[in-house]
Amino acid sequence: MTALLVGLVGCGGSGSAGTNGAGSTSSPTAHSSATTAAGSATASASPGGTVTPPAPAASAGAGAGPGVASTGPRASARSWSSQPAAQARQQARPVRLVSLRSAVNVENGVRFDRVVLEFAGGVPGYRAQFVPQVVRPGSGAPLPLAGQAAFELVLTSAAAHDDQGASTLRTAPDGTGPSGLSYALAGDFEGTVHVGVGLSRVAGFRVVELTGPDRLAVDFLS
């Protein structure tokens, strides 16, 4: 009888420890939470044991929503967007803006207005976006542009003058394209050049880097 009572007490103690988790290094609930967190960053397993890969991250570009910046050149025919674009680039010496001009182009049946900026010494970094109004840096005065939509291109590590302060432009600092688009040099100060573009409406655009000579082409869907 004594031996039987000792055996029953021993079984009851083991069951109690398993239920309360006092005898384990981690509780079932904590292990489940850790597994869920890891799965959200990599992959999740279905009840049948099949691993489901994580959903791809959304990328900025042609389908970017309002307020989402699209970075880098948009050379693809499907990469048109009205969202901001930027390309960081630091030059040892500022590249020189030597030409500013505009033309109308057609590519694969798509018609667009092109503003071409030509440089000597490389291609600068840039920020490109539609803005409520283009203003001259420093004075804050509005830049006169035709059209209902204003577009600003800010070039970094760039200058439109030489070491003596003389303009390096071989073309006029402003002009009007064949379709009525207008453009103008808005500012040139301390390694930053501002260019404004006036259009009839906000439209999809892309920034294409070209070589031979070094150029930035900013294309706007007509």
Q.
For Gln133, is the CD atom crowded, meaning more than 12 foreign heavy atoms sit under 6.0 Å from it?
A. yes
Using 0.5 Å steps for rounding, measure from the [atom1] atom of [X] to the [atom2] atom of [Y].
X      : Y      : atom1 : atom2 : result
Gln129 : Glu152 : CD    : CD    : 6.5 Å
Leu221 : Ser82  : CG    : OG    : 10.0 Å
Phe119 : Arg96  : CZ    : CZ    : 12.5 Å
Thr176 : Tyr183 : OG1   : OH    : 7.5 Å

Heavy-atom distance under 4.5 Å between the side chains of [X] and [Y], does that happen here?
X      : Y      : answer
Asp174 : Leu185 : no
Leu117 : Leu153 : yes
Asp219 : Asn105 : no
Asp214 : Val95  : no
Leu181 : Ser102 : yes
Tyr126 : Glu209 : yes
Arg93  : Asp163 : yes
His161 : Asp188 : yes

Minimum-distance pair of heavy atoms, taken over all atoms of [X] and [Y]:
X      : Y      : answer
Val207 : Ala128 : CG2-CB, 4.2 Å
Ala186 : Pro137 : O-CD, 3.5 Å
Leu169 : Leu100 : CD2-N, 4.3 Å
Thr156 : Pro124 : O-CB, 3.1 Å
Val193 : Ala160 : CG2-N, 3.9 Å
Ser222 : Asp113 : OG-OD2, 3.5 Å

Ignoring hydrogens and angles, tell me if any N or O in the side chain of [X] forms a donor-acceptor pair with the backbone of [Y] under 3.5 Å.
X      : Y      : result
Gln91  : Val123 : yes
Ser182 : Ala146 : yes
Asp162 : Gln164 : yes
Arg127 : Leu155 : no

If hydrophobic clusters are built by linking Ile, Leu, Val, Met, Phe, Trp and Tyr wherever their side-chain heavy atoms come under 4.5 Å apart, do [X] and [Y] end up in the same one?
X      : Y      : value
Val218 : Val202 : yes
Val131 : Leu145 : yes
Phe130 : Leu216 : yes

Q: Would you please indicate yes or no on a ring centroid separation below 6.0 angstrom for Phe220 and Phe112?
A: no
